[in-house]
Amino acid sequence: MGFNNTVLSGKRILVTGAARGIGRSCALEFAGLGASVIAVDLSAEDLESLKQDGGDAVETWQADITSDAFLERLRGLDRLDGLLNNAGTNRVGPMEQQDLENIDLIIGLNIRATYRVTQAAITPMLRTGGGSIVTISSQMGHVGSPGRTLYCMSKHAVEGMSKALSLELAEKGIRVNTVAPTFVMTPMTRPMFEDKAFHDFVMGMIPMKKLAEAREIADACVFLLSDLSTSTTGTSLRVDGGWTAH
């Protein structure tokens, strides 16, 4: 099963946090479906590996997405058809133990950087009459969970931004949506599942009793970035195994 291998043909899509995990899976799938991919990440080594697997369809930018230099480079593109805001992080722990460093990190990357990257991407999209903006949110952007005040706050913020922006840009031909996964086994989440209590808690919350796969998240992003979803904006596609249906 899969998409027609030309479903993203001719589209130029920028992916942040592209070198590992969900971002890597998305970048490679987009390239395999005909897109020209700009893969952005801090890790030169991981970007080189991505480039080897993605071939000529993948252009790599080693950059800090919080920097003004990156934002100016993005704003200066002659055209951009799609943006996938994937870069993000998490700090888990009781609220009373979250220090200022963790607070600033989550707000700075998950909220501020996502906002500014999206803001910059609008300019090249308008040059060619439209596009699609997709942000990797989370099931935690729709519910709460113990020990995740920072992450839930940041993903609720992403959901609010996307809904408001979808209304602002609708008449300009730019669609804005989110993909909200449940837990996906990635290098960032793997250590969490070594804790049996946490593993059992997660599985108890997912009616389908399975974690999502990075490929499934990539498939959801393909739908929203392609012309298969030309009337879909202001929504969140939840790939959560039923977590938020409770």
Side-chain angles (χ1 to χ4, degrees), residues 8 11-27 29-30 35 37-41 63 65-66 70-71 74-75 80-90 105-125 130-143 148 150-170 172-184 186 188 212 214 216-226 229 232-240 244:
L8 294 176
K11 294 190 181 297
R12 191 184 204 185
I13 301 173
L14 186 141
V15 181
T16 67
R20 294 191 298 167
I22 292 171
R24 179 185 177 87
S25 181
C26 288
E29 182 160 342
F30 299 167
V37 177
I38 301 173
V40 185
D41 205 280
I65 66 166
T66 69
F70 164 73
L71 295 170
L74 170 55
R75 195 174 284 112
L80 187 67
D81 304 294
L83 167 67
L84 178 63
N85 285 310
N86 172 69
T89 192
N90 193 8
L105 174 67
I106 297 299
I107 292 175
L109 184 57
N110 292 13
I111 301 176
R112 188 173 188 269
T114 298
Y115 190 99
R116 295 191 74 204
V117 171
T118 303
Q119 185 181 46
I122 293 170
T123 298
M125 286 187 178
S132 176
I133 296 169
V134 177
T135 298
I136 298 297
S137 176
S138 169
Q139 64 193 16
M140 299 303 175
H142 300 276
V143 296
R148 285 174 166 74
L150 285 176
Y151 193 70
C152 288
M153 172 184 69
S154 70
K155 295 305 183 179
H156 276 74
V158 161
E159 292 292 344
M161 179 198 76
S162 296
K163 285 182 176 63
L165 189 59
S166 71
L167 300 178
E168 186 173 319
L169 297 178
K172 296 179 179 180
I174 299 176
R175 298 181 295 106
V176 188
N177 296 285
T178 67
V179 171
T182 187
F183 287 94
V184 181
T186 67
M188 186 173 78
E216 295 174 303
I217 313 308
D219 286 347
C221 293
V222 169
F223 170 70
L224 292 173
L225 288 164
S226 75
S229 58
T232 304
T233 196
T235 195
S236 179
L237 183 47
R238 305 182 197 189
V239 189
D240 70 353
T244 59

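Because the structure is a prediction, the values reported are computed rather than measured.
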N85 and side chain to side chain donor-acceptor pair (under 3.5 Å): which partner among T118, N110, T114? T118
At their closest point, which heavy atom of M125 faces which heavy atom of S132, and how far apart are they? CE-O, 3.5 Å
Rounded to the nearest 0.5 Å, what separates atom CD in E29 from atom CG in D219? 4.5 Å
What are the two closest non-hydrogen atoms of A120 and P124, and how far apart are they? O-CD, 3.2 Å
Looking only at heavy atoms, what is the nearest atom pair of S138 and K155, with distance? CB-CG, 3.8 Å
Does R75 use its side chain to pair, donor to acceptor, with the backbone of T123 at less than 3.5 Å? no
Dump the intermediate steps for side chain to side chain contact (heavy atoms under 4.5 Å, CB included) on L14 and L84, then the final yes or no. CA-CA 6 Å; L14 186 141; L84 178 63; over 6 Å; no
To the nearest 0.5 Å, tell me how far T66 OG1 sits from L109 CG. 8.0 Å
Separation between CG (L74) and CD1 (I38), nearest 0.5 Å, reads 8.0 Å
Report, as yes or no, whether the 6.0 Å neighbourhood of atom CZ on R116 holds more than 12 heavy atoms from other residues, nucleotides or ligands. yes
Quick one, I122 and K172 - any side-chain contact, counting heavy atoms below 4.5 Å? no
Among R238, Q139, E216, find the residue that satisfies the side chain to side chain donor-acceptor pair (under 3.5 Å) test when tested with T182. Q139
Any donor-acceptor pair under 3.5 Å linking the side chain of D81 with the backbone of I13? no
Quick one, L71 and V117 - any side-chain contact, counting heavy atoms below 4.5 Å? yes
Of the non-hydrogen atoms in A19 and D41, which two are nearest, and what is the gap between them? N-OD2, 3.2 Å
Could you walk me through whether C221 and I136 satisfy the side chain to side chain contact (heavy atoms under 4.5 Å, CB included) test, starting with their C-alpha distance in whole Å, then the side-chain angles of each, then the deciding distance to 0.1 Å, before giving a yes or no? CA-CA 9 Å; C221 293; I136 298 297; 3.7 Å; yes
Roughly how far, to the nearest 0.5 Å, is the CG atom of N177 from the OG1 atom of T233? 5.0 Å
Verify side chain to side chain contact (heavy atoms under 4.5 Å, CB included) between T89 and I106, making sure each step is shown before the conclusion. CA-CA 7 Å; T89 192; I106 297 299; 3.8 Å; yes
Working to the nearest 0.5 angstrom, can you tell me the gap between H142 NE2 and H156 NE2? 8.0 Å
Counting neighbours of OH on Y115 that are heavy atoms of other residues, nucleotides or ligands and sit closer than 6.0 Å, is the number greater than 12? no
About how many Å separate CE of M161 and CD1 of I133, when rounded to the nearest 0.5 Å? 7.5 Å
Taking the side chain as C-beta and beyond, is there a heavy-atom pair between M153 and I107 under 4.5 Å? yes
Please name the pair of heavy atoms, one in A113 and one in I65, separated by the smallest distance, quoted to 0.1 Å. CB-CD1, 4.1 Å
Closest approach of A18 to A39 (non-hydrogen atoms, all atoms of both residues): CB-CB, 3.6 Å
Could you list the donor-acceptor pairs under 3.5 angstrom formed between side-chain atoms of residues 162-170 and any protein atom two or more places apart in sequence or on another chain?
from	atom 1	to	atom 2	distance (Å)
S162	OG	V158	O	3.0
S166	OG	K163	O	2.7

Give a yes or no on this: more than 12 heavy atoms of other residues, nucleotides or ligands lie within 6.0 Å of atom CZ of R20. no
Can you list the steps and then say if L150 with L105 is a side chain to side chain contact (heavy atoms under 4.5 Å, CB included)? CA-CA 10 Å; L150 285 176; L105 174 67; over 6 Å; no
